[in-house]
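What follows is a single structure, written as structure tokens, with notes after it.
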Amino acid sequence: MKIYNTLTKKLDDFVPIRDNKVGFYMCGMTVQDRPHLGHLRTFTTGDIVRRYLIYKGYEVTYVTNFTDIDDKIIQKSHDLGIDWRKIGETYIEEFFKVTDEINIMRADYYPRATQFIQEIIEAVEILVDKGFAYVTGGDVWFDVRKKKDYGKLSGKKLEDLMEGARVEPSPNKKFPMDFSVWKAWKEGEPYWWSPWGKGRPGWHIECSVMSTHYLGQPFDIHGGAQDLIFPHHENEIAQSEAIRGTEYVRYWLHGGFVNIKGEKMSKSKGLFFAAQEVLKEYGANPVRLYFLQTHYRSPIDFSAERLTESQKAWERISNFLEKVPEGNGKETDFSFAGEYLKRFEEAMDEDFNTPRAVAVIFDMVKQGNALLDKEPEKAAEIGRVLRTILNILGFKPEKKERAGIEDDLVSIIVEVRQKMRQEKKFEIADWIRDQLKNLGVILEDTPQGTKWKIK
Ligand SMILES: [Zn+2]
């Protein structure tokens with residue numbers, strides 16, 4: 001199995017550091033706003049890689065963080081007059097809403113920066129003690145010139161990086177590319193006590209600390225969107241390797257953006273589509289399919305037309321699945337359709353080539369449909385392999401909606417019960433209520449009539 005590694009800039013064979021155990025850290029969100037489609041794509045990529053590793057027999061520990069203290073969160077808190085903690089809570093909830101909806105497996109751990117302040121302070125102390133960081137006023141800066149291989153992830157030398165890079169301005173820094181590991185407190189900001197006075201952690205150090213807390217050092221895979229390569233991941237490497245004196249991460253995996261008219265989807269530029277709205281409009285499985293039809297490292301241009309096409313393509317897949325029997329899950333004969341599974345694995349083994357995997361799915365649907373009448377057994381076998389593949393890729397098993405007929409039936413029964421009560425036939429009315437309760441339908445009699453809900 002090969003993974004494109006940003007660090008080596010080539011396809012590397014994947015060999016876990018510890019037997020078949022894989023540590024996988026995915027940079028999560030700064031919880032200052034709702035996730036947009038670009039975020040959703042990044043986390044879906046992580047999900048697919050994780051699911052495929054699990055399918056290949058690896059034991060994966062998956063960690064995604066929340067950056068819950070940051071300039072933008074503080075700014076928003078001031079603008080709206082809402083406690084900064086409340087802002088984080090709100091968008092963490094939003095994050096789970098959309099990631100659950102598109103069937104992203106929950107991570108094993110969701111550390112938040114503010115839960116790791118003590119460990120972060122200890123890490124910064126080590127950096128200062130070892131001479132990799134220096135203190136000016138209440139700020140602590142990482143001295144990039146002390147880390148001889150700084151720039152190895154982005155593949156740039158310090159001089160090149162300085163050109164065009166957004167450098168944090170500060171008169172206290174020794175060198176323009178030095179970055180903050182601890183920020184001195186400013187009036188009106190939340191703070192924690194540290195050996196350097198009141199302050200809060202820099203962004204990069206949070207991920208260094210939280211990732212190795214759960215996964216050790218070195219660990220196997222670190223992922224994120226491409227815009228995190230520099231400076232975020234470059235700085236994580238510099239700090240973590242300086243702290244422990246060992247390699248930090250073996251494989252660096254970076255996903256492409258969702259673009260709008262060639263520009264990266266971004267809240268700050270006002271170019272974005274909220275993930276929740278897109279999921280609502282097109283459905284979770286079609287959106288997942290839309291992502292998979294492009295390789296994870298390539299950009300996707302947002303296109304309503306292509307989303308509609310993915311919707312139709314998903315319909316073809318689920319229509320076929322509806323026609324073939326599901327089987328009892330114990331069938332082991334894949335002598336006919338096993339070839340498809342092999343092709344699927346070959347595609348995925350080559351740096352998670354999901355467009356090729358999706359092409360295999362379409363081939364299966366086409367052949368499966370053609371065989372439905374003539375050779376239903378073979379069609380059923382294709383159906384079984386197809387379900388396996390869809391499951392590996394994280395699609396949700398779907399039951400066709402029967403146009404809300406269940407809702408209508410419950411409403412009729414509730415009305416019948418209402419009539420019984422009006423005629424004082426309470427015994428039957430109560431019996432109906434109890435029977436419905438057994439099915440998980442809860443009735444509530446109010447002055448405006450009877451309401452019901454599914455438990
Ligand atoms: Zn991070």
Side-chain angles (χ1 to χ4, degrees), residues 24 26 28-29 34-55 60 62 64 94-107 223 225 253 255-259 265 272-322 340 344-345 347-348 351-365 385-401:
F24 190 161
M26 193 73 184
M29 287 195 67
R34 300 158 72 193
H36 60 56
L37 201 63
H39 298 125
L40 194 64
R41 182 186 184 201
T42 303
F43 299 123
T44 304
T45 295
D47 184 57
I48 283 160
V49 171
R50 176 191 189 189
R51 285 173 182 272
Y52 190 64
L53 289 167
I54 293 171
Y55 167 71
V60 184
Y62 194 83
T64 299
E94 292 286 334
F95 169 89
F96 283 125
K97 241 186 244 166
V98 297
T99 52
D100 284 349
E101 177 61 26
I102 200 168
N103 207 28
I104 288 173
M105 284 169 73
R106 289 267 178 139
L253 181 136
F257 302 136
V258 177
N259 292 336
M265 189 170 285
F272 73 101
F273 289 96
Q276 206 173 347
E277 260 121 62
V278 178
L279 287 173
K280 203 171 146 203
E281 176 80 22
Y282 297 97
N285 283 334
V287 172
R288 192 175 267 263
L289 184 63
Y290 168 73
F291 288 150
L292 289 173
Q293 283 172 303
T294 302
H295 190 268
Y296 78 90
R297 283 191 282 123
S298 306
I300 295 184
D301 261 310
F302 179 85
S303 144
E305 261 166 51
R306 283 204 40 212
L307 272 158
T308 309
E309 277 167 29
S310 301
Q311 225 176 3
K312 285 184 193 143
W314 176 255
E315 220 167 284
R316 282 200 300 278
I317 295 169
S318 66
N319 282 344
F320 167 66
L321 287 177
E322 258 196 30
Y340 285 114
F344 165 75
E345 285 186 24
M348 293 296 284
D351 193 30
F352 314 100
N353 193 325
T354 55
R356 257 170 62 199
V358 169
V360 174
I361 290 174
F362 290 150
D363 285 352
M364 295 176 82
V365 172
V385 174
L386 181 57
R387 283 194 178 90
T388 306
I389 289 176
L390 294 175
N391 186 39
I392 298 166
L393 293 175
F395 288 97
K396 291 200 266 195
E398 242 175 26
K399 291 263 179 285
K400 269 268 171 188
E401 296 279 330

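Both tests hold for Arg106 against Phe96: distance to the six-membered ring centre under 6.0 Å, angle to the ring axis within 45°.
Contact check for Leu307 versus Phe302: side-chain heavy atoms found under the 4.5 Å cut-off. Side-chain contact between Arg306 and Thr294 is present, with at least one heavy-atom pair separated by less than 4.5 Å. Within the 4.5 Å cutoff, no side-chain heavy atoms of Gln276 are placed close to those of Leu279. In this structure, Phe257 and Met265 have side chains that are not in contact, with every pair of non-hydrogen atoms separated by 4.5 Å or more. A 4.5 Å side-chain heavy-atom check between Phe344 and Ile392 finds at least one atom pair inside the cut-off. The shortest side-chain heavy-atom distance between Ile389 and Met364 falls under the 4.5 Å cut-off.
Side-chain polar atoms of Tyr62 and Asp47 form no donor-acceptor pair below 3.5 angstrom.
Contact between Leu289 and Ser310 at its shortest, heavy atoms only, is CD2-O, 3.6 Å. Heavy atoms only, all atoms of each residue included: Val98 and Ala275 are closest at CG1-CB, 4.1 Å. In plain terms, the two heavy atoms of Leu321 and Arg387 that are nearest each other are O-NH2, 3.0 Å. Heavy atoms only, all atoms of each residue included: Glu277 and Arg34 are closest at OE2-NH2, 3.0 Å. Here the shortest heavy-atom pairing between Ala313 and Phe362 reads CB-CZ, 3.7 Å. Scanning both residues, Gly394 and Asn103, for their nearest heavy atoms gives O-ND2, 3.0 Å.
Phe24 contributes atom CZ, which lies 7.0 Å from atom CG of Leu53 (distance to the nearest 0.5 angstrom). Rounding to the nearest 0.5 Å places OH of Tyr296 at 10.0 Å from OG1 of Thr354. Taking NE2 of His295 as the start and CD1 of Ile300 as the end, the distance is 11.5 Å to the nearest 0.5 Å. For the atom pair CG of Leu40 and CD1 of Ile104, the computed distance is 5.5 Å after rounding to the nearest 0.5 Å.
Note: Trp314 and Phe395 have parallel aromatic rings, judged against thresholds of 30 and 60 degrees for the angle between ring planes. Ring geometry for Tyr55 versus Tyr52: interplanar angle of 30 to 60°, hence tilted.
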Please test Leu386 against Ile317 for side-chain contact (heavy atoms from CB on, under 4.5 Å), starting from the C-alpha separation and ending with a verdict. CA-CA 9 Å; Leu386 181 57; Ile317 295 169; 4.3 Å; yes
Phe95 and Phe43: CA distance, side-chain angles, deciding distance, ring-ring contact (aromatic ring centres under 6.0 Å, His included) verdict: CA-CA 10 Å; Phe95 169 89; Phe43 299 123; 5.3 Å; yes
Walk me through it: do Val287 and Glu101 pass the test side-chain contact (heavy atoms from CB on, under 4.5 Å)? CA-CA 11 Å; Val287 172; Glu101 177 61 26; over 6 Å; no
Checking side-chain contact (heavy atoms from CB on, under 4.5 Å) for the pair Met348/Ile48: CA distance, chi angles, key distance, verdict? CA-CA 10 Å; Met348 293 296 284; Ile48 283 160; 3.9 Å; yes
Evaluate side-chain contact (heavy atoms from CB on, under 4.5 Å) for Phe291 paired with Leu37, printing each intermediate quantity in order. CA-CA 10 Å; Phe291 288 150; Leu37 201 63; 3.9 Å; yes
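Checked for salt-bridge contact, Glu94 and Lys97 meet the test: a charged N lies under 4.0 Å from a carboxylate O.
A donor-acceptor distance shorter than 3.5 angstrom exists from the side chain of Arg288 to the backbone of Leu393, with no hydrogens or angles considered. No donor-acceptor pair under 3.5 Å is formed between the side chain of Arg297 and the backbone N or O of Asp351.
Summarising the local packing, NZ of Lys280 is surrounded by 12 or fewer heavy atoms from other residues, nucleotides or ligands at distances under 6.0 Å.
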